[in-house]
Colleague: 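If you scroll down you'll find the structure; I have some questions about it.
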Amino acid sequence: MISLSKFSTLRIVALATCLALLPLPSMRADAQQESFSAYLQLVAAHARRDGVSEAAITGTLAGLTPNQRVIDLDNSQPGSRGGPPPMAPYIARHVGSSIVSRGRARYVSMAAMLPRIEQRYGVPAPILFAIWGHETNFGSYTGDFDLARSLATLAWEGRRRDLFEGELIALMKMIDRGVPRSTLKGSWAGAFGYPQFLPSVYLRLAVDGDGDGRTDIFDPADAIASIANYFRDAGWRPGQPWGVRAAVPSGFNVDAYPTKLTAPSCEKVHARHSQWKTVSEWRALGVSPLAPIGNDVLVSLFQPDGPGTPAYLLTGNYRVILQYNCSNYYAMSVGLLADEIAR
Ligand SMILES: [Ca+2]
């Protein structure tokens, strides 16, 4: 018995070794496809439970295969090792003269509709154009990944299954609302259109800006109105800037005023800003805003590159930009680009 058992074990080991040595791409691909197809069955059941039509389920999922490129891109996202890189080079790259002039040209070409948008949503148009410019260079690159395939791959891969499965089902609901499946292309991570909304954001906040009866965020008017709706929903306060450049006395130590709050999400981004004080309180400490801002507005001080470099007083509206994309580099360059477009 013992020898037989040993023999069996050896055979199994030998067989496993052979299998490991053999290049069997087709077998692996088959196994992968089987696991993927089984997962899509589960997604279909969840979509059905959520009231998605059979036509939209089939139209979204039929024939899908996992996209290895999406998995590779997801795995190659930079971690947060080391300290934050300097801000100034990022700003120089992202708020250069060519994007500013394109932004101004777009702004001028759509000037007729902008007062209505600003009035309705309470968000200054230059901020909307800065988002559009940053997300897709005013629509010149929106991504050509099939959104259903990207979202299904990311959900199947499993690291953030709840998030991406929810977005995949939201995509099916867009199809049920009449958005053609063939137009649903975007970034590898599932964002699409000029504002790079995820499907759930489209369902919740995209609006028909030009009143033609379709909500198409590959259309400038609809995209601008939809970004404005996003910002209003996220709590943009009309009449306040996102922030202003500030002069600080020489030798002033921003680090002496660390924040007392712990942000509920993306804590590291918020932890780089000082505690909140009114503009008057900062003035009393020798900090002077270099653009108009009310004395009673609550602001935090941010000097991203340290003593002797540009400093900014940031309002709650800066936090609204962070809700769109939680990165100080992103939010600072959106704010500064908006200022340049408005100039
Ligand atoms: Ca429209």
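Order of listing sets the numbers, starting from 1, for every ligand and every atom in it. Any value given below was found using the heavy atoms of this structure, including those in side chains, with hydrogens, waters and symmetry copies removed.
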Colleague: Has R69 got its NZ or CZ under 6.0 Å from the middle of the six-membered ring of F145, at an angle within 45 degrees of the ring axis?
Modeller: no

Colleague: Taking the ring of F231 and the ring of Y121, is the distance between their centroids below 6.0 Å?
Modeller: no

Colleague: Is the distance from the Ca ion (ligand 1) to the nearest N/O/S atom of G209 under 3.0 Å?
Modeller: no

Colleague: Closer than 4.0 angstrom, basic N to acidic O: yes or no for K173 and D50?
Modeller: yes

Colleague: Using a strict 4.0 Å threshold on nitrogen-to-oxygen distance, state whether R160 and D74 make a salt bridge.
Modeller: yes

Colleague: Nearest N/O/S atom of D222 with respect to the Ca ion (ligand 1), by atom name, please.
Modeller: OD2

Colleague: The Ca ion (ligand 1) to D219: any N/O/S contact under 3.0 Å?
Modeller: no

Colleague: Of all N, O or S atoms in D212, which has the smallest distance to the Ca ion (ligand 1)?
Modeller: OD1

Colleague: Using the Ca ion (ligand 1) as the vertex, how large is the angle between OD1 of D210 and OD1 of D208, rounded to 10 degrees?
Modeller: 80°

Colleague: Could you tell me which non-hydrogen atom of D339 sits nearest to which non-hydrogen atom of W242, and how far apart they are?
Modeller: OD1-NE1, 3.1 Å

